[in-house]
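As structure tokens, the structure follows; a few thoughts come after it.
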Amino acid sequence: MFGAFKSMFGLSDRELSPQETLQRIQGGALVVDVREPDEFTHGSIPHALNVPLSQIELRGADALRAAGVSVKTVDVVLICRSGTRSSTAIKQLKPELGPHGFNLQGGLMAWVGAGLPVHRGHS
């Protein structure tokens, strides 16, 4: 039933709400912010890693590995400002991340809108 609910609101199995993202993080998921470094320093989810979409487009999963993300062994939630760039990244990384890759629907704007914490500055 929840799957049908998610479909009604445009959420796929690979897209998580802010609350679902928080649950994944509490369960050990890594957060990868795909915005550019100057955007990242203005605020992101605490403990997020910054791997810009531009690097993912150039290097694919190697960009994640260079940041210390072990693909296919841990859940990875990709985020950006609104969910658009992270959606692009999740589609590109789907072969490498498989069932471990997720997108934060609505991005950081949804996270903030849900009243969840934001870290400012370098992580």
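The residues of the chain are indexed from 1 along the displayed sequence.
Residues M109 and W111 do not share a hydrophobic cluster, defined by chaining ILVMFWY side chains whose heavy atoms lie under 4.5 Å apart.
Between P117 and P46, the shortest heavy-atom contact is O-CD, 3.3 Å. Between R120 and H42, the closest heavy-atom pair is NH1-O, 2.5 Å. When all heavy atoms of A61 and V71 are compared, the pair lying nearest together is CB-CG1, 4.4 Å.
To the nearest 0.5 angstrom, L78 atom CG is 11.0 Å from R14 atom CZ. Taking SG of C80 as the reference point, atom CG of N103 lies at 6.5 Å (rounded to 0.5 Å). Within the model, atoms CG of L104 and CD of E20 stand 10.0 Å from one another, a figure rounded to the nearest 0.5 Å. Rounding to the nearest 0.5 Å gives a distance of 10.5 Å between CD of E96 and CD1 of I56. Here the CG atom belonging to L16 is positioned 5.5 Å from the CZ atom belonging to R24, to the nearest 0.5 angstrom. Atom CG of L53 and atom OG of S87 lie 10.5 Å apart (nearest 0.5 Å).
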- Can you check side-chain contact (heavy atoms from CB on, under 4.5 Å) on V112 and V118, steps first, answer last? CA-CA 7 Å; V112 170; V118 174; 3.5 Å; yes
- side-chain contact (heavy atoms from CB on, under 4.5 Å) evaluation trace for L108 with I45: CA-CA 8 Å; L108 190 61; I45 293 175; 4.2 Å; yes
- Task: Determine, stepwise, if the pair D75 / F102 fulfils side-chain contact (heavy atoms from CB on, under 4.5 Å).
- Result: CA-CA 8 Å; D75 285 348; F102 301 91; 3.7 Å; yes
- Does the side-chain contact (heavy atoms from CB on, under 4.5 Å) test come out yes or no for V77 and I79, once each step is laid out? CA-CA 7 Å; V77 180; I79 71 157; 4.2 Å; yes
Residues 29-38 side chain polar contacts: donor-acceptor under 3.5 Å, at least two apart:
from: D33; atom 1: OD1; to: R35; atom 2: N; distance (Å): 3.0
from: D33; atom 1: OD1; to: R35; atom 2: NE; distance (Å): 2.9
from: D33; atom 1: OD2; to: R35; atom 2: NE; distance (Å): 3.2
from: D33; atom 1: OD2; to: R35; atom 2: NH2; distance (Å): 2.7
from: D33; atom 1: OD2; to: S44; atom 2: OG; distance (Å): 2.7
from: R35; atom 1: NH1; to: E39; atom 2: O; distance (Å): 3.3
from: R35; atom 1: NH2; to: G43; atom 2: O; distance (Å): 2.5
from: E36; atom 1: OE2; to: S54; atom 2: OG; distance (Å): 3.1

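Between the side chain of Q55 and the backbone N or O of P52, no donor-acceptor pair lies under 3.5 Å.
Scored by the side-chain contact (heavy atoms from CB on, under 4.5 Å) test, S70 finds T73 as partners (sequence neighbours excluded). The salt bridge (Lys or Arg N to Asp or Glu O under 4.0 Å) check on R59 picks up nothing, with sequence neighbours excluded.
Between V76 and V74, the closest side-chain pair of non-hydrogen atoms falls below 4.5 Å. Residues Q92 and E57 meet the side-chain proximity criterion, which asks for heavy atoms closer than 4.5 Å.
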